[in-house]
**Student:** 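Let me begin by handing over the structure; questions about it come next.
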Amino acid sequence: MAKTSIIEREKKRANLVKKYAEKRMQLKVMISDMSLGAEERMKAMSALQALPRNSNPTRKRNRCRLTGRPRGVYRKFGLARSMLRIHAMRGDIPGLVKASW
């Protein structure tokens, strides 16, 4: 299982991403709008850079909901491959069966 501090850090990042999503989007639209003057666009760029670094969605990391494992996480289920296998074998995930042919 991942360290609790790492999992809490990811939760904090997710909250920051949610908090600043609207503002980031508005600033990006202003930056790409060529009808605005160069000075206004530069102000928008500096405002975007002034936002917290962890408010950028690319800094989020997909983690297993059960263990916090950062790698091998299936988006559809939100589980790491090892947990997915365990729960699939137990029949906890409806519609998921082991492939055999």
Side-chain angles (χ1 to χ4, degrees):
M1 178 136 177
K3 287 172 58 174
T4 310
S5 60
I6 303 297
I7 294 170
E8 291 302 316
R9 184 191 307 160
E10 288 298 323
K11 288 179 186 175
K12 188 173 157 186
R13 281 182 181 158
N15 289 336
L16 276 174
V17 167
K18 228 194 270 187
K19 181 179 177 182
Y20 288 101
E22 184 68 29
K23 188 167 187 165
R24 286 185 90 77
M25 187 183 69
Q26 290 172 353
L27 289 171
K28 285 188 174 193
V29 167
M30 286 176 65
I31 291 168
S32 62
D33 188 6
M34 293 308 234
S35 64
L36 294 176
E39 192 173 309
E40 292 175 10
R41 288 180 36 226
M42 288 300 287
K43 282 183 184 178
M45 280 185 211
S46 62
L48 184 64
Q49 290 173 354
L51 292 178
R53 208 174 252 195
N54 285 332
S55 68
N56 193 344
T58 58
R59 290 181 65 98
K60 279 178 39 178
R61 178 86 174 156
N62 290 337
R63 289 189 172 269
C64 177
R65 291 183 185 152
L66 300 177
T67 61
R69 180 180 166 84
R71 296 181 180 206
V73 178
Y74 285 83
R75 288 183 196 158
K76 186 174 181 178
F77 305 106
L79 298 174
R81 57 183 173 74
S82 56
M83 289 291 111
L84 182 69
R85 184 174 188 274
I86 290 169
H87 288 282
M89 293 296 180
R90 273 199 259 158
D92 294 342
I93 304 172
L96 189 66
V97 293
K98 184 178 177 191
S100 60
W101 59 89

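It should be emphasised that the depicted structure is a prediction, and the values quoted were computed from it without experimental measurement. The residues of the chain are indexed from 1 along the displayed sequence.
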**Student:** How long is the straight-line distance from CD of Glu22 back to CG of Leu27, given to the nearest 0.5 Å?
**Tutor:** 10.5 Å

**Student:** Can you tell if the side chain of Arg90 reaches within under 4.5 Å of the side chain of His87, non-hydrogen atoms only?
**Tutor:** yes

**Student:** Is there a side-chain contact between Lys23 and Ser55, using heavy atoms and a 4.5 Å cut-off?
**Tutor:** no

**Student:** In terms of hydrophobic clustering (I, L, V, M, F, W, Y; side-chain heavy atoms under 4.5 Å; direct or indirect links), are Ile7 and Leu66 co-clustered?
**Tutor:**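 In one cluster with Ile7: Leu66, no.
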
**Student:** Is it the case that one hydrophobic cluster holds both Met83 and Phe77, taking links as side-chain heavy atoms less than 4.5 Å apart, direct or via other members?
**Tutor:**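 In one cluster: yes.
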
**Student:** Can you tell me if CZ on Arg85 sees more than 12 non-hydrogen neighbours from other groups inside 6.0 Å?
**Tutor:**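 No - once you tally the heavy atoms of other residues, nucleotides and ligands closer than 6.0 Å, there are 12 at most.
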
**Student:** Which heavy atom in Met30 sits nearest to a heavy atom in Ala44, and how many Å separate them?
**Tutor:** CB-CB, 4.0 Å

**Student:** Taking C-beta and beyond as the side chain, do Arg65 and Val73 meet within less than 4.5 Å on heavy atoms?
**Tutor:**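 Result no, sub-4.5 Å side-chain heavy-atom pair not found.
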
**Student:** Please find the pair of heavy atoms, one from Ser35 and one from Asp33, that lie closest to each other, and give the distance.
**Tutor:**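 Where Ser35 meets Asp33 most closely, the heavy atoms are OG-OD1, 2.8 Å.
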
**Student:** Any donor-acceptor pair under 3.5 Å linking the side-chain atoms of Ser82 with those of Arg69?
**Tutor:**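 No, no side-chain donor-acceptor pair sits under 3.5 Å.
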
**Student:** Do Leu51 and Met42 share a hydrophobic cluster (ILVMFWY, side-chain heavy atoms under 4.5 Å, transitive)?
**Tutor:** yes

**Student:** Under 4.5 Å between side-chain heavy atoms, hopping through other hydrophobics if needed: is there a path connecting Leu16 to Leu48?
**Tutor:**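 Yes, Leu16 and Leu48 fall within the same hydrophobic cluster.
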
**Student:** Measure the spacing between CZ of Arg61 and CZ of Arg9 and express it to the nearest 0.5 Å.
**Tutor:**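 If I round to the nearest 0.5 Å, the distance is 12.5 Å.
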
**Student:** For residues Ile86 and Ile93: do they belong to one hydrophobic cluster (side chain heavy atoms under 4.5 Å, members Ile, Leu, Val, Met, Phe, Trp, Tyr)?
**Tutor:** yes

**Student:** Could you give me the CA-CA distance, side-chain angles and deciding distance for Arg81 and Arg71, then say whether side-chain contact (heavy atoms from CB on, under 4.5 Å) is met?
**Tutor:** CA-CA 9 Å; Arg81 57 183 173 74; Arg71 296 181 180 206; over 6 Å; no

**Student:** Check the pair Asn56 / Arg24 against side-chain contact (heavy atoms from CB on, under 4.5 Å), numbers first and verdict last.
**Tutor:** CA-CA 8 Å; Asn56 193 344; Arg24 286 185 90 77; 3.6 Å; yes

**Student:** Please find the pair of heavy atoms, one from Gly68 and one from Ala2, that lie closest to each other, and give the distance.
**Tutor:**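 For Gly68 and Ala2, the tightest heavy-atom pair comes out as O-CB, 3.4 Å.
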
**Student:** Kindly compute the distance separating OG (Ser46) from CD (Gln49), expressed to the nearest 0.5 Å.
**Tutor:** 7.0 Å

**Student:** For a quick test of reading the model, state the closest non-hydrogen atom pair linking Glu10 to Arg59 and the distance between them.
**Tutor:**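 In this case the closest contact between Glu10 and Arg59 is OE1-O, 4.5 Å.
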
**Student:** Is the CE atom of Met45 crowded by more than 12 outside heavy atoms at less than 6.0 Å?
**Tutor:**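 Yes, the 6.0 Å shell around CE holds more than 12 heavy atoms from other groups.
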
